[in-house]
Amino acid sequence: MAKYTPPEQPRILQLFDVACLIIAIFVALWLPLKMGWAGVSKSIDKIDNPTWESLKQTPAQVEQWVKLGYADAAAAHDVIQNHFHYSIDWTQLLIMVVVVLGYFIFLFRASAKEYRDVIEEKFGNTK
Amino acid sequence: MSQATAGSAPQRISLSRVLGPAQVWALGVGIVLVGEYTGWNFSADKGGTLAALIVCWVIGLLYTSVAMIDSEVTSTVAAAGGQYAQAKHIVGPLMAFNVALYLVFAYTMLEVSDAILVGDTIVAKAGTEGLTHNAFLAVTIVGLAWLNYRGVLMTLNVNFVITALAYVAIVILFLSVMPWSQGTVLKLGEMVTTDNALPYGWLGVIAAFHFGIWYYLGIEGTTQAAEEVRSPARALPLGTMSGMITLLIGAALTWYVCASLMPWQYLGITYYPLWDAGKLTGSPLLENMMFFATLLSAIASANGCINDAARAWFSLGRDRYLPTWFSAVHPKYRTPYRSILFLLPIALAFAFISDLNQAITFSILSGVLQYTFMSINIMMFRNKWPLGSIRRGYTHPFHPIPAIVLFVLCVITYFAIFLGYGAQLTAMTVFYLVVSLWFHFYRYKYVRRGDQFTMPWPKPKGY
């Protein structure tokens, strides 16, 4: 295979490439934060007039809560009763599976095509 | 060897080969140890204290597979960029481009998490109303970038000292609470009961995989030093595997002490479980020791992350995957200084806009994508260059079992991330897909094809 000579990239286009990458990085990292996609919501399962017993805390746990600055059951209530409520959104799961699988399939297929060029130029195309 | 500058007459300056196994250990453990000071405990939030222990062992298995696989491939492909260089030689350029981005994202966001931890810990200790963490974030990130700019040996020697101090602090805490005498200080049986051990059942254990990654995330960063170690075939496996053993012991000690001192609901939300453990012993000496150790672990991690992210970015520039301007090596300090400086404002920006939990998740997402690649990469490596066809610095045993274990655990971790961060995982994967299309159909035309294969190996089997 003939040696491939890449075109020289003008300096302005190099800057443009870098700018596009920075924008893409910020969008990918910042957008989920801005749109509130990061993190599952926990919610507090409220207990009226909580006691350590109703919060199911052992005496040793109560002792540690107090040492940590939670003077009584009411003070610790929101931390103790703040729970995840796991549920599986099958549509969202399916979308995620399709996206991740599709991404990896494209990645390996396109990489294999490019890799063949690399090997042919490096070693020649005879097996 | 690396090209010093872009342009028609490049001056060739190489990175310095100055590192030994101790610095490799310091790079790997230095990046990771902060995960034992904070981060792992969020797995208790998602699944309970027992779930945090289960994932400590299971994710430990995942990372042992990572370390074994990495030791074999990296001791053979000894080039800056670590897994990026591996992907370039084994899978192909597009995969290499993606792997480098995984590395940059994982390490930069981990650096952000570390800086947030430093700032928040100092603010919590000061207890001064109105004091914010912003100045501490900026000083941490800029100061460590400057250290990295000035030279890799000094950077990693500093890391070795502060990582060792932070690790010794965990051991001292463990011995100080008389672990041989349950009930005196530690009360595991009363903290973890049959009622609260797994509050969400086995679904919670799977969900806990998400933050269980944090026990060990970054040990694979040892490979980034491949081009700067004196003897890659010896130093990389030795540094990586000893680092993994160090972390497994540290993780077990950490869980045992923290689980025995804190109710699981508190353990799951605190930013400083080991510092809190120090406080709960009632000893001001232990409390202050764990405060300083928390800071040291975060600084060591951020320091290593800047080192690794810059090497990955530098490698992209050197191979023309990005403008070659990034591939410059400092003529005096022999560091990839432009890459270090370029990533600095990105880290600063995200340190100010994200919180610890979110920054950790960003890092984890890129990490899991990378581990998925590694499980497939080792299979392709063994197929293209079977044992005996090239000289390997280290040959990992039981192949392909570690690769299969790693792949299965990655799939479980994707599901764990889905239970809470599914939309974010999808969004980030879409980002990687879009930049992959950009690279394959546009950017790749600027890359010299055959020049990317730099190892003195025979033609791969099947080509």
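Quick note on labels: first sequence line is chain A, next is B, and so on, each numbered from 1.
W457(B) is linked by a ring-ring contact (aromatic ring centres under 6.0 Å, His included) to H89(B), F381(B), W385(B), counting only residues two or more places apart in sequence or in another chain. Every residue two or more places apart in sequence or in another chain that forms a ring-ring contact (aromatic ring centres under 6.0 Å, His included) with Y102(B) is listed here: Y432(B). Annotation: ring-ring contact (aromatic ring centres under 6.0 Å, His included) contacts of W264(B) (sequence neighbours excluded): none.
The nearest pair of heavy atoms linking F418(B) to Q92(A) is CE1-OE1, 3.6 Å. The minimum heavy-atom distance between K445(B) and Y4(A), with the atom names listed, is O-OH, 2.6 Å. Residues Q61(A) and P263(B) come closest through the heavy atom pair O-CG, 4.0 Å. Heavy atoms only, all atoms of each residue included: A60(A) and E190(B) are closest at CB-OE1, 3.2 Å. In terms of heavy-atom proximity, P7(A) sits nearest to Y446(B) at O-CD2, 3.3 Å. Scanning both residues, Q14(A) and T324(B), for their nearest heavy atoms gives OE1-N, 4.4 Å.
Contact count versus chain A (heavy atoms, under 4.5 Å) is highest, among D45(B), T108(B), I346(B), for D45(B). Interface check for chain A: of the options Q452(B), M109(B), R443(B), the most heavy-atom pairs under 4.5 Å are formed by R443(B). Interface remark: of the candidates P323(B), P199(B), G189(B), P323(B) forms the most heavy-atom pairs closer than 4.5 Å to chain A. Residue with the most contacts toward chain B among D17(A), T58(A), I88(A): D17(A) (heavy-atom pairs, distance under 4.5 Å). Heavy-atom pairs under 4.5 Å with chain B peak, among V100(A), L93(A), V97(A), at L93(A).
With a 4.5 angstrom heavy-atom cutoff, L280(B) touches chain A via backbone and side-chain atoms both. The contact between Q57(A) and chain B is made entirely by side chain atoms (from C-beta outward), counting heavy-atom distances below 4.5 Å. Contacts between M428(B) and chain A at a heavy-atom distance below 4.5 Å involve the side chain alone, from C-beta outward. Residue contact with chain A, scored on non-hydrogen atoms closer than 4.5 Å, is absent for T270(B). Only the side chain of N196(B) has a heavy atom closer than 4.5 Å to any heavy atom of chain A. Only the side chain of L21(A) comes within less than 4.5 Å of a heavy atom in chain B; its backbone stays farther off. L437(B) touches chain A through backbone and side chain together, each having a heavy atom under 4.5 Å away. Contact annotation for K461(B): neither backbone nor side-chain heavy atoms come within less than 4.5 Å of a heavy atom of chain A. For T193(B), the part sitting under 4.5 Å from any heavy atom of chain A is the side chain, from C-beta outward, and nothing else. The part of Y200(B) that comes within reach of chain A is its side chain, from C-beta onward, which places non-hydrogen atoms under 4.5 angstrom from that chain. For V434(B), no part lies near chain A; criterion is any non-hydrogen pair under 4.5 Å. Only the side chain of I376(B) comes within contact range of chain A, judged by heavy atoms closer than 4.5 Å. Heavy-atom distances place the side chain of F342(B), and not its backbone, under 4.5 Å from chain A. Heavy atoms of A110(A) lying under 4.5 Å from chain B belong to its backbone as well as its side chain. Contact annotation for I353(B): both backbone and side-chain heavy atoms come within less than 4.5 Å of a heavy atom of chain A. With a 4.5 Å cut-off on non-hydrogen atoms, L433(B) touches chain A through its backbone and its side chain both. For chain A, the nearby part of P458(B) is the backbone; its heavy atoms alone come within less than 4.5 Å.
The main-chain N or O of G450(B) is never found under 3.5 Å from a side-chain atom of K122(A) such that the two would form a donor-acceptor pair.
Atoms CD and CZ, on Q9(A) and R320(B) in that order, are 8.5 Å from each other to the nearest 0.5 Å. Taken to the nearest 0.5 Å, the CD1 atom of I90(B) stands 12.5 Å off from the OG atom of S111(A). From R109(A), atom CZ reaches atom NE2 of H440(B) across 10.5 Å, with rounding to the nearest 0.5 Å. Rounding to the nearest 0.5 Å gives a distance of 8.5 Å between CE of M96(A) and OH of Y414(B). For the atom pair NZ (K67(A)) and OG1 (T281(B)), the distance works out to 8.5 Å, reported to the nearest 0.5 Å. Rounding to the nearest 0.5 Å gives a distance of 4.0 Å between NZ of K187(B) and CD of E63(A).
Under the 4.5 Å side-chain criterion, counting only non-hydrogen atoms from C-beta, F84(A) is not in contact with L419(B). Here the side chains of D195(B) and K56(A) are not in contact, with every heavy-atom distance at 4.5 Å or above. Contact of the F431(B) side chain with the V27(A) side chain is not registered, since no non-hydrogen atoms from C-beta on lie closer than 4.5 Å. For the pair F373(B) and L107(A), the minimum side-chain heavy-atom distance is 4.5 Å or more. Side-chain contact between L322(B) and V18(A) is absent, with no heavy atoms from C-beta onward closer than 4.5 Å.
The 12-atom threshold is exceeded at OH of Y442(B), counting heavy atoms of other residues, nucleotides or ligands nearer than 6.0 Å.
Within residues 68-79 of chain A, the residues having any heavy atom under 4.5 Å from a heavy atom of chain B are, by residue number, L68(A), Y70(A), V79(A).
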- Message: Determine whether V91(B) and E114(A) satisfy the following criterion, side chain to side chain contact (heavy atoms under 4.5 Å, CB included), listing intermediate values before the conclusion.
- Response: CA-CA 9 Å; V91(B) 184; E114(A) 293 170 355; over 6 Å; no

- Item | Y463(B) and Y115(A): CA distance, side-chain angles, deciding distance, ring pair (Phe, Tyr, Trp, His ring centres under 6.0 Å) verdict | CA-CA 10 Å; Y463(B) 285 82; Y115(A) 187 72; 5.3 Å; yes

- Message: Run L369(B) and F104(A) through side chain to side chain contact (heavy atoms under 4.5 Å, CB included) and show every step you take.
- Response: CA-CA 9 Å; L369(B) 288 169; F104(A) 272 111; 3.8 Å; yes

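Aromatic ring orientation, F441(B) versus F106(A): parallel (interplanar angle below 30°, classes split at 30° and 60°).
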